[in-house]
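These notes concern the structure reproduced below.
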Amino acid sequence: MTKRLYYEDSYVRTFEAEVIECTEKADGVFLIRLDESAFYPTSGGQPYDTGTLGGGQILNVYADEAGEVWHEADKKLTAGDRVKCEIDWARRFDHMQQHAGEHMLAGAVHRLLKGVTIGLHLGKDDSSIDVSLPGGRTNITEAEIRMLEDDVNRHIQADVPIKCYFPDEETLLRLPLRKPPTVTENVRIVQIGDDEYCACGGTHPSSAGQVGLVKIIDARPSRGKMRLTFLCGMRAFRDYRNRFDELERAAQSLSTGWENLHASVEALNARMKDAEYHLRQEKKAAALKTLSSVYENAARLGSVRAGQHVFDGLGMEGLREAASEFIKENGRIALFADRTDSGVLLLFARSADVDIHIGKVLTDAAKAFGGKGGGKSDFAQGAAQSADALAFALTQIQTVFDKI
Ligand SMILES: [Zn+2]
């Protein structure tokens with residue numbers, strides 16, 4: 001079986017090994033087995049290591065059920081040769097930081113919330129764990145999140161040692177493991193400080209301080225569990241820096257400090273709402289003023305006057321008010337529209353004494369111009385893609401009046 005060098009020392013970056021076998025798996029992809037390897041095979045939620053193997057690039061590393069480690073690389077090697085290998089250390093150390101951070105977080109969840117962690121997902125951008133909490137709850141409070149973060153970062157600040165070892169059976173039975181091991185033989189234990197013991201075959205730094213920083217960035221229900229998403233090490237630092245820069249930029253835009261940013265944005269929102277309200281009021285007042293000229297230019301259908309007008313930015317509420325005002329007097333039909341980004345809003349209405357179903361007129365006119373709408377016999381609203389719907393509606397109304 002492949003001897004795994006990282007079991008003894010997770011800081012091995014370069015090593016020499018003997019090629020046991022090499023077969024071509026696909027065009028230009030070779031499957032290689034070594035007598036010993038420090039390359040980590042994908043397992044326990046931690047992705048494989050990359051790097052170089054005998055001058056070729058590592059494409060994938062995995063372990064089979066028998067425990068052999070298989071390397072996929074882009075260079076053909078010869079069995080029996082001794083080859084130089086080098087791990088992409090930036091990627092591996094980042095994985096070690098996320099992995100050890102996960103142990104401490106899962107340990108804190110267990111000690112402080114009696115939660116059981118199921119699995120780790122170590123992603124390209126962030127990592128997550130799924131937690132079963134007592135009573136099946138799938139949410140935690142902000143105070144609980146802070147408690148977990150404080151606990152983990154206290155372990156980091158204290159730089160507690162991280163030890164990995166294979167205890168004998170008797171010792172193993174006495175260890176306060178967070179959860180039962182998934183294997184029965186050669187159980188490898190990772191111990192962090194004196195309150196986190198867990199069976200694990202992964203790679204970890206030798207002390208908690210090297211994890212640097214752990215920050216929970218999301219907590220939400222997921223498939224009956226609570227999913228905690230977090231960042232460790234340089235990932236957490238980069239996140240802090242990005243947020244810092246973005247906060248500074250936003251605060252500068254508002255000529256304030258980041259501490260006042262939320263209050264400033266709230267004040268800005270309130271001012272904008274107020275300004276929008278006053279603008280609408282002014283537009284409404286202007287709309288009401290135009291009604292007399294709409295009446296002057298209205299089409300004459302016997303004793304009925306049908307006024308058309310396309311407003312600009314009045315909104316549905318403004319249209320309703322303008323139409324209501326227009327049809328207050330007898331013998332009137334209002335065919336009103338208001339321009340929007342995607343077409344027009346429509347509002348048709350008639351005075352109480354006019355005998356026509358304005359809801360049907362609107363439905364037909366909206367439909368003819370790619371929209372929809374309808375309403376009662378005296379008041380209707382909708383939307384269409386073009387203001388030509390007004391002329392169309394007037395023609396329909398004229399046809400009805402011609403029949404009378
Ligand atoms: Zn581990």
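Each ligand, and each atom within it, is numbered from 1 in the order the structure gives.
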Listed once per pair and sorted, the ring-ring contact (aromatic ring centres under 6.0 Å, His included) pairs that draw on residues 239-260, sequence neighbours left out: none
Pairs meeting criterion ring-ring contact (aromatic ring centres under 6.0 Å, His included) with involvement of residues 170-192, two or more places apart: none
Side-chain donor-acceptor pairs of residues 386-397 under 3.5 Å, sequence neighbours excluded:
unit_1: Ser386; atom_1: OG; unit_2: Asp388; atom_2: N; d: 2.9
unit_1: Ser386; atom_1: OG; unit_2: Asp388; atom_2: OD2; d: 3.4
unit_1: Thr395; atom_1: OG1; unit_2: Ala391; atom_2: O; d: 2.9

Steps toward side-chain hydrogen bond (donor to acceptor under 3.5 Å, both in side chains) verdict (Gln46, Thr203): CA-CA 9 Å; Gln46 182 177 329; Thr203 57; 2.8 Å; yes
Distance-only donor-acceptor check, side chains Ser207 and Gln210, under 3.5 Å: yes
Short side-chain donor-acceptor distance under 3.5 Å, Asp402 and Gln398: no
Within less than 2.8 Å of the Zn ion (ligand 1): protein N, O or S atom count: 4
